[in-house]
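Only one structure is covered here, and it is reproduced in the block below.
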Protein chains: 2
Amino acid sequence: MKSSQTIFNDTPLYAQIRAFIVARMHHGEWQPGDRIPGETELAKEYEVSQGTVRKAIDSLVENRLLLRRQGKGTYVASHNSELKLFHFFNISPNEGGRVLPETKVLTVDKRTGLHHELAALEMPAGTEVIHITRVRHLAGPPVIYETMTICANRFKSVLDLTKKQILNNIYELYEQNFGVIIRRTKDKVYAVAASALQAQLLDIEASTPLLCVHRLALDLEDTPVEYRETFCLTQNHHYHSRLS
Amino acid sequence: MKSSQTIFNDTPLYAQIRAFIVARMHHGEWQPGDRIPGETELAKEYEVSQGTVRKAIDSLVENRLLLRRQGKGTYVASHNSELKLFHFFNISPNEGGRVLPETKVLTVDKRTGLHHELAALEMPAGTEVIHITRVRHLAGPPVIYETMTICANRFKSVLDLTKKQILNNIYELYEQNFGVIIRRTKDKVYAVAASALQAQLLDIEASTPLLCVHRLALDLEDTPVEYRETFCLTQNHHYHSRLS
DNA sequence: TAGTGGTCTAGACCACGCC
DNA sequence: GCGTGGTCTAGACCACTAC
């Protein structure tokens, strides 16, 4: 990169290149599934060495924003690829392998966000949100009741979809319809007693212990996108996580 | 690395170097907290370029087995360093910052492992284990009841310790007394109703919903080391996890 | 055969911590 | 000033994919 173009002399070159690449993905120039230019080409374009571009791409591959295919090229990651299908869905049967959930959307409403929802999403009081509730099955009776809250402005056209059009993997919907890519989530997990409504929907007795997950999903720029509350029966299923 | 010494021509050089470094840590030549030789020195020793050693170290730093200090050197990570204190302890108060738990050890016994314990630890039926139970407080009344199961052979001298000598951060004990470094954990999380014993120990009513975590802790070589069952009150606390 | 990512080298300069 | 890790370069060869 020519010194005359170097704006941020305090940040490493590869970090600047990485930011440029993320910006082009975020802006929509490179869509999920697209192949991006080769390392040598990007190196020429930005006037840096191929090794520096490689280092920038390395860190994006680590964060699963890009994926490499040897001999073919580097691609923008997509949530609907097999690898990512289960990535943010960490509830599994106790016995047997992972199961893709079936989903029934119950309600889709627009309303003013509640205090704790807006606090989680870092939005000012009074902001309009879209509120979705749904029940999910995992190869059997219903085991998950879930509510999701998203910004009404950013996801306005969700209201135009029928309940059946709302995808099972809603992160895929964010990506395909709104260009919003979920990079990471923060979960807080509790044990609670089932409310009357939850008991009815999950066909259990009230006060049955339920796993309760408060999840915040963040996009590429670490902006909160969705606040979700998941209530899960853990008789035959569990929530899993790995630390390393 | 001279070609005559190259044993695994199918694996990349940097991966071989990484394996050598891990072996020297695992073997005890480099203890937690030690400084390892500089990149140039290791490069000379293994007869590879400094860049290759760097790539090997990079991946170990990512996995938190090593940590770099610019201008000083590269160090073997230690669980008692501030950075790692909370790393595998992911239960926090709902309000306020993280709190270091106080711990009271209840029992330390040697017995034959139960079926599900040995299955988790991948040990043959009939293996002897050490079983520890304890209660933990987080700046207030007790909120955690926990049982831990470890291999009796590997951790024999734990039986010689008094209950007070068993450290609050038991992974630190594994590291300091046995040279076992925990690299990662796999958690399965459930919601359950408190048993009579748990209710008594946590001073709550029986059937109160409790968070139940089944945790397997693995060492550097991905061998299961400890199986733990944690029961946690989530009135004022929560279990947290991040996916990315 | 041509282009891509994957690995590896040798050497350069910088920023930091320490003496 | 010296040694450390941190960044960057220019070029090499390999393995894989596609034509």
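Computed from a prediction, not measured in an experiment: that's the story for all the values here. So that the names make sense, note that chain A is the first sequence line, chain B the second, and so on, each numbered from 1.
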- Residue set satisfying side-chain hydrogen bond (donor to acceptor under 3.5 Å, both in side chains) with B:Thr52, at least two apart, ordered chain then number -> B:Ser49
- What is the distance from CG of B:Leu67 to P of D:dG6, rounded to the nearest Å? 10 Å
- Can you run down the side chain to side chain donor-acceptor pair (under 3.5 Å) pairs that involve residues 151-160 of chain B, sequence neighbours left out, and say none if there aren't any? B:Arg154-B:Asp219
- Query: Residues two or more places apart in sequence or in another chain: which of them pass ring pair (Phe, Tyr, Trp, His ring centres under 6.0 Å) with B:His26?
  - Reply: none
- The side-chain contact (heavy atoms from CB on, under 4.5 Å) partners of B:Asn236 (sequence neighbours excluded) come to none
- Query: How long is the line joining CG of B:Leu42 and P of C:dT9, in whole Å?
  - Reply: 14 Å
- Given C:dT7, is OP1 or OP2 found less than 4.0 Å from the side-chain N or O atoms of B:Tyr14? yes
- Gap between atoms NZ and P, on A:Lys55 and D:dG5 respectively (whole Å): 14 Å
- Short side-chain N/O contact to C:dT9 OP1/OP2 from B:Thr52, under 4.0 Å: yes
- Query: Can you tell me how far P of C:dG11 sits from CD of B:Gln50, to the nearest Å?
  - Reply: 12 Å
- Task: Go along nucleotides 13-19 of chain C 5' to 3' and tag each nucleotide: B for a protein heavy atom under 4.0 Å from its base, S when only backbone or sugar atoms are that close, - otherwise.
- Result: --BBSS-
- Task: Examine D:dC8: is either OP1 or OP2 under 4.0 Å from a nitrogen or oxygen in the side chain of A:Ser49? Give yes or no.
- Result: no
- Message: Counting C-beta onward and ignoring hydrogens, is there a side-chain heavy-atom pair between B:Thr127 and B:Leu121 closer than 4.5 Å?
- Response: no
- Grab the CG-P distance between B:Asp58 and D:dC8 for me, whole Å please. 14 Å
- Item | Nearest-Å distance for atom pair CD/C1', residues B:Gln16 and C:dC8 | 13 Å
- Query: How long is the line joining NZ of A:Lys44 and P of C:dG3, in whole Å?
  - Reply: 10 Å
- Task: Under 3.5 Å for both distances, Watson-Crick or G-U wobble, that's the pair rule; now give the dot-bracket for DNA chain C, with | marking pairs to another strand and [ ] for crossing ones.
- Result: ||||||||||||||||||.
- Have a look at A:Asn168 and tell me which of A:Arg134, A:Arg136, A:Glu102 forms a side chain to side chain donor-acceptor pair (under 3.5 Å) with it. A:Arg136
- Phosphate oxygens OP1/OP2 of D:dT4: is one of them under 4.0 Å from a side-chain N or O of B:Arg68? no
Taking distance alone, no hydrogens or angles, what donor-acceptor pairs closer than 3.5 Å link side-chain atoms of residues 30-38 of chain A to residues at least two apart or in another chain?
{"from": "A:Gln31", "atom 1": "NE2", "to": "A:Gly28", "atom 2": "O", "distance (Å)": "2.9"}
{"from": "A:Asp34", "atom 1": "OD2", "to": "A:Gln31", "atom 2": "N", "distance (Å)": "2.8"}
{"from": "A:Arg35", "atom 1": "NH1", "to": "A:Lys72", "atom 2": "O", "distance (Å)": "3.3"}

- Message: The criterion is side-chain hydrogen bond (donor to acceptor under 3.5 Å, both in side chains); which residues satisfy it with B:His116, sequence neighbours excluded?
- Response: B:Glu229
- Residues that B:Arg242 engages under side-chain hydrogen bond (donor to acceptor under 3.5 Å, both in side chains), provided they are two or more places apart: none
- Task: Would you mind reading off the distance between A:Arg54 atom CZ and D:dA10 atom P, rounded to a whole angstrom?
- Result: 17 Å
